[in-house]
Amino acid sequence: MSLEHFDKEIFDLTNKELQRQCDHLEMIASENFTLPEVMEVMGSILTNKYAEGYPGKRYYGGCEFVDEIENIAIERCKKLFNCQYANVQPNSGSQANQGVYMALLQPGDKILGMDLSHGGHLTHGAKVSSSGKVYESFFYGVELDGRINYEKVRQIAHIVKPKMIVCGASAYARVIDFAKFREIADEVGAYLFADIAHIAGLVVGGVHPSPFPHAHVVSSTTHKTLRGPRGGIIMTNDEEIAKKINSAIFPGIQGGPLMHVIAAKAVGFKFNLSDEWKNYAKQVVDNAKALAQTLMKRNYKLVSDGTDNHLVLMSFLDREFSGKDADIALGNAGITANKNTVPGEKRSPFITSGLRLGTPALTARGFKEQQIQLVGEKIADVLDDIDNTALQAKIKEELKELAHQFIIYTKALF
Ligand code: DSN
């Protein structure tokens with residue numbers, strides 16, 4: 001029986017979501033469109049198998065084929081990031097990070113990460129996350145120019161003396177200097193942990209420097225710029241660290257690995273290893289730069305005045321309207337983005353003075369600079385006249401037409 005006949009309610013909602021993804025312009029910087037081949041294996045019988053442990057060392061029988069699958073995923077991941085050890089079992093980026101902390105730290109140890117309100121991530125020590133409850137967390141941020149000041153990071157590190165420095169961000173538009181972070185980590189005897197969830201696809205596409213050989217340990221998600229299935233990975237070049245990571249993920253924090261997702265990660269990595277991938281990664285960055293130029297020409301202020309990667313962070317500190325207002329107005333115009341805090345923030349985190357826009361999903365759809373510039377102009381048109389709901393409705397129709405010229409998925413998928 002098909003899903004349509006077995007569970008019409010979920011079938012219909014899935015199709016509504018498909019329609020939403022096709023009709024709107026997806027500009028949330030952490031979202032993307034994965035391949036149908038990735039979804040095919042993710043929706044396969046591999047979901048039936050329990051495989052606690054690691055290839056060759058499982059707690060259950062019948063693992064001969066899933067062992068091969070996980071080994072392929074590991075080998076592809078190592079090749080992709082040019083490293084010696086990879087764990088492909090984390091169910092998410094957050095669990096990957098939890099695993100890294102559990103492997104290398106004791107409860108109460110000090111970690112130094114990027115402040116959430118400056119572009120960091122919840123799992124980099126935010127007090128509401130277990131990373132800020134189990135460990136004693138301290139933060140560095142960005143300057144008013146929107147950039148990390150590595151001298152300040154150094155000063156904070158020397159005062160705090162953390163056991164681990166966490167680098168990597170969720171809303172930072174500039175290159176992360178991993179070599180500089182390692183220098184600072186070495187000065188204070190800390191591990192350097194790079195969370196490259198946002199930029200992993202750019203790293204493997206050669207358009208952002210790699211965290212290796214600088215970081216002791218690296219984590220990522222597989223679904224953002226990498227365009228694979230939703231999940232996490234951890235990599236290192238250190239055998240002792242690799243052993244500790246494996247024990248921390250299983251049995252430390254997870255049980256049976258999601259073998260259907262691990263297989264889908266392997267399929268995604270195959271795509272990331274192709275020549276085509278380099279073109280995609282370069283186009284993501286070229287598109288973000290084109291978007292930045294267009295918005296700045298229309299007199300919008302960007303944090304750090306531009307971008308080196310896949311996202312731009314608009315600042316409305318000089319405007320009457322907030323990030324939330326912009327988020328809602330653009331949503332009405334068919335553009336999905338998210339409000340974000342900015343350096344020097346004066347509004348609450350629920351309102352904010354910024355908006356984060358990313359190009360990975362539109363680039364996956366086939367958008368090039370020409371289309372991105374047009375989208376940038378439409379964003380500025382909406383924001384220039386933010387209360388004009390008739391204009392938002394008109395732009396929504398225009399952008400739907402544009403979106404439909406770049407077909408990403410069809411109903412035949414279901
Ligand atoms: N939710 C992701 C993001 O939007 O950046 C981070 O986990």
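Ligands are counted one by one from 1 in listed order, and the atoms in each one are counted from 1 as well.
A ring-centre distance under 6.0 Å is found for Tyr150 and Phe181. A distance of 6.0 Å or more separates the ring centres of Phe81 and Phe212. The six-membered or imidazole ring of Phe250 lies near that of Tyr59, with a centre-to-centre distance under 6.0 Å.
The main-chain N or O of Leu317 is never found under 3.5 Å from a side-chain atom of Ser353 such that the two would form a donor-acceptor pair.
Remark: among candidates Gly119, Ser30, Gly93, the nearest residue to atom 1 (N) of ligand 1 is Ser30, based on non-hydrogen atoms.
The shortest contact between atom 5 (O) of ligand 1 and any protein heavy atom is with His198 NE2, 2.7 Å. In terms of protein heavy-atom proximity, atom 7 (O) of ligand 1 is nearest to His121 NE2, 2.7 Å.
Ligand 1 places these atoms under 4.0 Å from at least one heavy atom of Ser170: 5 (O).
Here the rule is side-chain contact (heavy atoms from CB on, under 4.5 Å) with Ser315, and of Val342, Leu355, Thr341 only Val342 fits it.
Using a 4.0 Å cut-off between heavy atoms, Arg356 contacts ligand 1 through its side chain alone, with no backbone atom that close.
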